[in-house]
2 protein chains.
Amino acid sequence: MNLKELSQKLGLSQTTVSRALNGYPEVSQSTRRRVEEAARTFNYRPSTRAKGLATGQALAIGHVIPVSSKHEMVNPIFGDFIAGAGETYARHGYEMMLTIVDDANELQVYDGLKSRRAVDGVILHAPRMDDMRIPHLHKLGLPFAVHGRASGCQVPYAWLDVNNRRAFHRATDFLIDLGHTRIALINGLEDMDFAHRRRDGYSTSLLAHHIPIDTSLMRSGEMTEDFGYQSTRDMLQKADPPTAVLASSLISALGVRRAIEERGLVMGKDVSVITHDDVLSYLQNGSDVPIFTATRSSVREAGRRLAEMLLISIAEPDRPLQNALLEAELMVGSSTGPAPRKD
Amino acid sequence: MNLKELSQKLGLSQTTVSRALNGYPEVSQSTRRRVEEAARTFNYRPSTRAKGLATGQALAIGHVIPVSSKHEMVNPIFGDFIAGAGETYARHGYEMMLTIVDDANELQVYDGLKSRRAVDGVILHAPRMDDMRIPHLHKLGLPFAVHGRASGCQVPYAWLDVNNRRAFHRATDFLIDLGHTRIALINGLEDMDFAHRRRDGYSTSLLAHHIPIDTSLMRSGEMTEDFGYQSTRDMLQKADPPTAVLASSLISALGVRRAIEERGLVMGKDVSVITHDDVLSYLQNGSDVPIFTATRSSVREAGRRLAEMLLISIAEPDRPLQNALLEAELMVGSSTGPAPRKD
DNA sequence: ATTCATATCCAAAGCGCTTTGGGAAGATGA
DNA sequence: TCATCTTCCCAAAGCGCTTTGGATATGAAT
């Protein structure tokens with residue numbers, strides 16, 4: 001069923017039917033109702049492609065998911081972020097177009113999306129420091145919004161980020177207040193912008209409390225369970241092991257816990273753990289009482305809001321670029337406690 | 001840059017340029033090269049929408065991701081599956097269109113995709129038993145392929161599935177051979193088809209070895225870490241606790257391990273654990289030696305292959321529907337060992 | 001020299017929609 | 001009663017591509 005057939009069935013012109021369905025005023029109430037009714041019974045929906053061609057819009061937003069060529073790794077927060085963004089798109093009649101790409105040729109993908117006019121804008125995931133993608137998209141003239149930020153990036157851009165620095169600053173403060181001085185940081189990959197900010201928050205807190213920074217207590221890598229486990233195991237074997245661990249993701253925190261317990265230690269007593277928690281749907285931090293003390297910020301909510309921001313900037317291109325800094329809440333669970341006595 | 005402009009620049013008709021770029025024979029080698037060259041320098045790529053409108057194809061595949069309305073849960077295997085499917089699409093010049101939807105109104109989404117002519121076909125995720133979506137899509141006439149199967153479904157359909165029944169049958173056999181008789185099953189949600197098949201494999205093995213089936217050793221729910229933990233903790237508190245646990249996902253297996261260790265028991269000695277492992281990129285089962293003994297089947301590979309199958313059935317509609325049954329490999333890790341003596 | 005394939009190219013129609021620029025009633029006011 | 005607005009509708013152009021149905025030239029075959 002297409003517009004032509006529908007309008008013939010109604011004995012109206014395509015113009016009128018189109019206008020009736022799109023809420024234009026040049027149609028009487030009675031015919032509008034008649035058209036809407038017919039559209040429903042014949043299950044008519046305008047072809048997205050034809051509509052897009054006629055209006056010059058794609059009514060679609062692109063998400064380009066980089067898969068690290070080294071590790072073949074898909075970011076686990078991705079599913080929940082997408083779920084949030086998808087809600088927003090559905091509400092506004094947009095489609096979501098996904099591209100999976102080896103991070104080596106991500107830039108070409110953007111060129112392709114632009115030149116094929118496949119999307120009205122894109123969401124940028126997992127920004128690195130000085131991310132080249134941002135100036136590239138800027139130059140391309142394709143509207144975009146970034147989930148996170150890229151330090152050192154000169155051009156302006158719309159973004160939404162968690163206040164990673166403050167979150168990790170507070171978490172470190174919290175551990176120091178509990179008497180910990182040997183605090184390990186198990187971070188994400190070094191070139192990710194968020195990892196850099198988290199480390200910054202951590203170091204700043206240590207320095208403010210005159211605690212020397214020990215680089216042997218800092219690790220960074222892909223945030224897998226095994227990475228958390230290996231890193232913690234190594235550090236616990238040291239002569240002067242950490243009494244607290246700050247982890248960048250719940251998944252690696254699970255590995256941290258494993259290493260602690262394997263050594264016969266008790267988490268929250270012998271070793272305290274704080275993790276960042278993205279509130280992923282399949283990885284809840286305990287059911288009622290949180291297991292891990294955590295800095296918490298929902299990535300799904302981030303998806304909802306960032307998508308909203310992008311749609312606004314597409315609808316009103318002259319509006320100044322928006323950004324949002326979400327504060328993570330510090331939820332105290334049972335994985336933290338006072339630093340053990342040194343005897 | 002569009003076709004019209006490009007052909008003017010070349011002093012050729014749109015027809016010729018289009019044909020040159022699409023590999024039709026009615027173009028001389030020399031002009032074809034000239035056209036290709038120009039297309040490259042002017043960065044011309046045909047508009048997907050216009051092309052789709054002209055050819056009647058969408059050049060896009062839909063993935064409808066149901067989000068359980070109760071649990072707001074996004075299936076964690078989804079990211080890796082998509083990554084696999086995306087590779088295939090990229091190779092064939094297709095786009096991937098994602099829709100996130102509350103599982104209550106999933107059927108309408110398919111109607112919408114069809115009537116808006118937004119996709120050429122869809123991939124069906126997470127089939128339930130007697131899944132209504134399959135006859136619905138069949139009636140709609142929208143090509144589709146199912147990741148998994150739906151027992152009791154009458155209409156024919158293309159699918160790719162892991163041999164869940166055999167995998168869990170073998171895993172149970174393996175445990176029984178080690179001397180275990182009290183074997184728990186921590187399964188996925190009851191109405192998921194795969195959960196049913198896994199339970200079937202498990203029960204069949206027990207029965208074949210004349211081991212009575214104890215329903216108090218069987219749990220099913222969303223496969224979270226916490227679910228694995230809670231279930232195992234409960235069962236270990238029983239008078240006659242299990243000496244082995246079969247888990248449906250690596251995530252819940254992590255919870256199983258936590259419950260075991262919390263009780264001061266040793267996994268692989270006091271309690272054996274086997275899990276199914278979807279080989280998710282962010283949840284590797286150990287780095288060199290697998291931690292968990294596992295039935296293993298890559299969900300990313302499944303994505304690649306199922307996408308391939310769908311594209312074929314779209315390209316050749318008359319071909320009989322394909323299906324593929326992947327065998328999971330049983331990888332022995334350190335989480336299994338002989339059943340402890342009863343003294 | 002004439003005929004007929006063959007190799008190259010082109011004009012124009014059509015895909016399903018939106019939107020511009022009217023046009024024909026009916027309502028309104030003088 | 002007549003001119004003037006509104007109100008409501010329509011024909012046709014255009015979005016950027018593919019594809020049909022020729023047209024023209026070239027060379028081989030007669």
Side-chain angles (χ1 to χ4, degrees), chain A residues 1-36 38-39 42-60 93-95 112-120 315, chain B residues 1-36 38-39 42-60 93-95 112-120 315:
Chain A
M1 173 64 56
N2 57 21
L3 224 208
K4 194 172 172 185
E5 291 168 27
L6 184 65
S7 51
Q8 280 169 353
K9 277 216 198 314
L10 283 161
L12 290 167
S13 74
Q14 296 190 34
T15 312
T16 306
V17 175
S18 169
R19 284 184 163 156
L21 293 174
N22 289 315
Y24 283 79
E26 306 95 326
V27 178
S28 71
Q29 273 308 312
S30 60
T31 51
R32 188 190 301 280
R33 260 197 294 277
R34 204 159 65 88
V35 170
E36 279 166 351
F42 293 113
N43 197 27
Y44 168 78
R45 222 88 59 96
S47 150
T48 331
R49 285 195 300 287
K51 185 168 189 157
L53 190 55
T55 59
Q57 291 191 294
L59 293 177
Y94 272 73
E95 326 255 14
L113 288 176
K114 166 80 177 181
S115 59
R116 291 191 328 248
R117 278 135 292 180
V119 297
D120 294 324
Chain B
M1 173 66 55
N2 58 19
L3 226 208
K4 195 171 172 186
E5 292 168 26
L6 183 66
S7 52
Q8 279 169 353
K9 277 215 197 318
L10 283 160
L12 289 168
S13 74
Q14 297 190 33
T15 312
T16 306
V17 175
S18 169
R19 283 183 163 156
L21 293 174
N22 289 316
Y24 282 80
E26 305 94 328
V27 178
S28 72
Q29 273 308 312
S30 60
T31 52
R32 189 190 301 280
R33 259 198 294 279
R34 204 159 62 89
V35 170
E36 280 166 350
F42 294 112
N43 197 26
Y44 167 77
R45 222 87 59 95
S47 149
T48 331
R49 287 194 300 284
K51 184 168 188 155
L53 189 55
T55 59
Q57 291 191 293
L59 293 176
Y94 271 73
E95 326 254 14
L113 287 175
K114 167 80 176 182
S115 58
R116 291 191 329 248
R117 277 137 292 180
V119 298
D120 295 325

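Predicted model, so just to flag it, every value in this text is computed and none were measured. Numbers restart at 1 for each chain; the letters A, B, ... are given by sequence-line order, proteins then strands.
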Given C:dC10, C:dG16, D:dC17, the nucleotide with the shortest approach to the side chain of B:P46 | D:dC17

Under 4.0 angstrom between A:T31 side-chain N/O and D:dC9 OP1 or OP2 | yes

Looking for any heavy atom pair under 4.0 Å, which part of the strands does B:S47 touch: base, sugar-phosphate only, or nothing?
-> sugar-phosphate

C:dC9 phosphate, OP1 or OP2, under 4.0 Å from B:T16 side-chain N/O | no

Please give, in whole Å, the distance from C:dC17 C1' to A:R49 CZ?
-> 12 Å

What's the shortest heavy-atom distance between A:A58 and A:D120, and which atoms?
-> N-OD1, 2.8 Å

Heavy-atom closest pair, residues A:G23 and A:R32 = CA-NH1, 3.3 Å

Atom-to-atom span, CG of A:L12 to C1' of C:dT18 - whole angstrom | 17 Å

Hey, which sits more toward the 5' end of DNA chain C by its nearest nucleotide, B:L53 or B:Q29?
-> B:Q29

Compare the minimum distances between each of D:dT18, C:dC10, D:dT19 and the side chain of B:K51, then state the nucleotide with the smallest one.
-> D:dT18

Side chain of A:R19 (C-beta onward), nearest among D:dC17, C:dG16, D:dC9 | D:dC9

Checking side-chain contact (heavy atoms from CB on, under 4.5 Å) for the pair B:L21/B:Y44: CA distance, chi angles, key distance, verdict?
-> CA-CA 10 Å; B:L21 293 174; B:Y44 167 77; 3.6 Å; yes

Look at B:N2 and D:dC15 and indicate whether a side-chain polar atom (N or O) is within less than 4.0 Å of OP1 or OP2.
-> no

CZ of B:R34 versus P of C:dC9: gap in Å, rounded?
-> 8 Å

Which whole-number value in Å describes the distance from B:N22 CG to D:dT19 P?
-> 7 Å

Counting heavy atoms from C-beta on, name the nucleotide in D:dC8, C:dT19, D:dC15 closest to the side chain of A:A54.
-> D:dC15

Taken to the nearest whole Å, CG/B:L3 to P/D:dT19 is 12 Å

When you measure from the side chain of B:S18 to the backbone N and O of B:Q14, does any donor-acceptor pair fall under 3.5 Å?
-> no

Short side-chain N/O contact to C:dC9 OP1/OP2 from B:Y24, under 4.0 Å = no

Should B:S28 be listed as having a side-chain N or O under 4.0 Å from OP1 or OP2 of C:dC9?
-> yes

Of C:dT8, D:dC9, D:dC17, the nucleotide closest to the side chain of A:E26 is D:dC9

Please confirm whether any donor atom in the side chain of B:T15 sits under 3.5 Å from an acceptor in the base of D:dT19, or the reverse.
-> yes

When we call it a touch if two heavy atoms are under 4.0 Å apart, what does A:R117 touch: a base, just sugar-phosphate, or nothing?
-> sugar-phosphate

Are the side chains of B:E95 and A:R116 in touch, meaning some heavy atoms are under 4.5 Å apart?
-> yes

Can you tell me the distance, in whole Å, between the CD atom of A:Q8 and the P atom of D:dC10?
-> 12 Å

For B:S18 and D:dT18, is the shortest distance between a side-chain N/O and OP1 or OP2 below 4.0 Å?
-> yes

Using atom CD of B:Q57 as one end and atom C1' of D:dT19 as the other, report the distance to the nearest whole Å.
-> 14 Å

Atom CG of A:L59 to atom C1' of C:dG16: distance rounded to whole Å?
-> 14 Å

Can you see which heavy atom on A:R117 is nearest to which on B:P46, and at what distance?
-> NH2-C, 4.2 Å

Choosing from D:dC10, D:dG16, C:dC17, which nucleotide comes nearest the side chain of A:Y44?
-> C:dC17

